[in-house]
Amino acid sequence: MSEFLPEGKLINTRENIKVLSSPSALREAMQTQKILEATAVLCDSGHNLTVRFGSFRGIIPREEGAVGIKDGSVRDIAVISRVNRPVCFVVTDIKTDQSGEEYAVLSREKAQKICLESYISKLRRGDVVTAAITHLESFGAFADIGCGIVALMPIDSISVSRIEHPKERFRVGMEIKAVIKSIENGRISLSQKELLGTWEQNAEGFSAGETVSGIVRSVENYGAFIELTPNLAGLAESREGVKVGQQASVYIKSIIPEKMKIKLIIIDTFEAKHAPEKQNYFYTGDHISRFLYSPEGCKKVVETVFD
């Protein structure tokens, strides 16, 4: 179970589950309108969610399941899909059922509205947020940026190096850092590549003469692009049988910062599954105004300006 803070951060309070499970603690949470988080264990035929925290039971009525359910702008799948996943909520009432057992009445919609007003409405382009991946599509990754409010990270904003599908970078439930890329008509778009380091920062980990591992990301008639890190790729000379997605062993022939190029020679390629790894973030601040990917003095300028 977690408690939502106004600035949008979640703090782990699992050690307080037993305390929050008591009627007195839940009444206090109801009075202060604390946003809590727990796992939904059941969605009944009426699309009411059951949440358990400790020995206590909570019910999120269907119409309180998400912002937009009441007016029909959001489909019931937004409620059904929460089973076995964490949900945020506020306690709105404590009642007694026919057997005399007390249970809490909860509202996810109210929690989302509080989150929207106190946190998400204050976000601006360039703000760095913590998010959790909710689902993946070929065109991008969807991530929860607070209380089940979801934003899209387009596939071309995930990393500088090209990928065929977001599943190569993320898995559902993975916690990530992201930058607010745009806010239009209430829809928030995210980006991550600005946090994964500049060309020079990534290239510093490599030297000419080394043989290193990589992933084949693109095969052209003039060569193959090999990803060395999510934000760095080099061009290898053409070689027969090389396919996109293969693991590769490559020899670094030269590194040319002024041209933003790394020349490679493929030693070997082979088929192997590549599981998403935890991202290495070079930028750890709360806001980024400008990201210059290309080295200073490079003829080709690659940058993102947020402010």
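Along the sequence shown, residues are numbered consecutively beginning with 1. A quick note: this is a predicted structure, and the numbers were derived from the prediction, not measured.
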Measure from the side-chain N and O atoms of [X] to the backbone N and O of [Y], and report whether any donor-acceptor pair falls under 3.5 Å.
X: Ser191; Y: Ser157; answer: yes
X: Ser238; Y: Gly223; answer: yes
X: Asn185; Y: Arg187; answer: no
X: Thr304; Y: Phe291; answer: no
X: Tyr119; Y: Leu123; answer: no
X: Asn202; Y: Leu196; answer: yes
X: Glu237; Y: Ile265; answer: no
X: Lys278; Y: Ile176; answer: no
X: Glu210; Y: Phe206; answer: no
X: Asp268; Y: Ser249; answer: no

Near [X] [atom1], under 6.0 Å, is it more than 12 heavy atoms from other residues, nucleotides or ligands?
X: Glu258; atom1: CD; value: yes
X: Arg162; atom1: CZ; value: no
X: Asn84; atom1: CG; value: no
X: Lys110; atom1: NZ; value: no
X: Lys259; atom1: NZ; value: no

Problem - Tyr281: partners by side-chain hydrogen bond (donor to acceptor under 3.5 Å, both in side chains), with sequence neighbours left out - result: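 Testing Tyr281 for side-chain hydrogen bond (donor to acceptor under 3.5 Å, both in side chains), a comparison that skips the adjacent residues, returns Gln192.
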
What are the two closest heavy atoms between [X] and [Y], and how far apart are they?
X: Val91; Y: Gln33; result: O-NE2, 3.7 Å
X: Ile226; Y: Gly214; result: CG2-CA, 3.9 Å
X: Pro154; Y: Leu190; result: CD-O, 3.4 Å
X: Ile35; Y: Ala111; result: CD1-O, 3.4 Å
X: Asp307; Y: Ser289; result: OD2-OG, 2.6 Å
X: Ala208; Y: Ile255; result: N-CD1, 4.0 Å

Check whether any side-chain heavy atom of [X] lies under 4.5 Å from a side-chain heavy atom of [Y], and answer yes or no.
X: Arg82; Y: Ile60; result: no
X: Glu303; Y: Arg290; result: yes
X: Glu200; Y: Glu296; result: no
X: Pro61; Y: Val105; result: yes
X: Leu49; Y: Val83; result: yes
X: Glu102; Y: Thr96; result: yes
X: Leu228; Y: Val250; result: yes
X: Lys300; Y: Ser294; result: no

To the nearest 0.5 Å, how far apart are [atom1] in [X] and [atom2] in [Y]?
X: Arg171; Y: Ile133; atom1: CZ; atom2: CD1; value: 10.0 Å
X: Leu195; Y: Ile288; atom1: CG; atom2: CD1; value: 6.0 Å
X: Asp93; Y: Arg27; atom1: CG; atom2: CZ; value: 9.0 Å
X: Ile120; Y: Ile180; atom1: CD1; atom2: CD1; value: 8.5 Å
X: Glu204; Y: Phe282; atom1: CD; atom2: CZ; value: 8.0 Å
X: Cys43; Y: Asn48; atom1: SG; atom2: CG; value: 7.0 Å

What about [X] and [Y], same hydrophobic cluster or not, with Ile/Leu/Val/Met/Phe/Trp/Tyr joined at side-chain heavy-atom distances under 4.5 Å?
X: Ile215; Y: Ile158; answer: no
X: Val244; Y: Ile266; answer: yes
X: Ile69; Y: Val150; answer: no
X: Ile145; Y: Val67; answer: no
X: Phe142; Y: Leu116; answer: no

Exercise for the section: Please lay out, stage by stage, how Thr130 and Glu175 fare under the test side-chain contact (heavy atoms from CB on, under 4.5 Å). Expected result: CA-CA 7 Å; Thr130 299; Glu175 187 175 284; 3.6 Å; yes

Problem - By salt bridge (charged side-chain N to carboxylate O under 4.0 Å, His left out) - contacts of Arg62 (at least two apart) - result: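 Listed in chain order: Asp76.
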
Handout entry: Residue pairs fulfilling side chain to side chain donor-acceptor pair (under 3.5 Å) with at least one residue in residues 134-151, sequence neighbours excluded
Key =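 Those involving residues 134-151 do not exist here.
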
Practice task
Begin with the C-alpha distance, continue with both residues' side-chain angles, and end with the deciding distance and a verdict on side-chain contact (heavy atoms from CB on, under 4.5 Å) for Leu292 and Val301.
Solution key: CA-CA 8 Å; Leu292 180 64; Val301 177; 3.9 Å; yes

Problem - Ring-face cation contact, Phe306 with Arg125, 6.0 Å cut, 45° max - result: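 Pair Arg125/Phe306 does not count as cation-pi.
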
Practice task
Evaluate the criterion side-chain contact (heavy atoms from CB on, under 4.5 Å) for residue pair Lys261 and Leu235; output intermediate values, then yes/no.
Solution key: CA-CA 8 Å; Lys261 289 183 177 181; Leu235 180 62; over 6 Å; no

Handout entry: Under-4.0 Å salt bridge between Glu164 and Arg217
Key =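 Judged by the 4.0 Å cut-off on N to carboxylate O distance, Glu164 and Arg217 do not form a salt bridge.
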
Handout entry: Lys113 and Glu109 ion-paired at < 4.0 Å
Key =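 Salt bridge: yes.
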
Practice task
Using the side-chain contact (heavy atoms from CB on, under 4.5 Å) rule, take Ser159 and Asn231 through it: C-alpha gap first, then chi angles, then the decisive distance, then the call.
Solution key: CA-CA 6 Å; Ser159 62; Asn231 258 18; 3.9 Å; yes

Problem - Donor-acceptor side-chain pairing of Gln246 and Glu271 below 3.5 angstrom - result: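 There is such a pair (donor and acceptor under 3.5 Å, judged by atom type) between the side chains of Gln246 and Glu271.
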
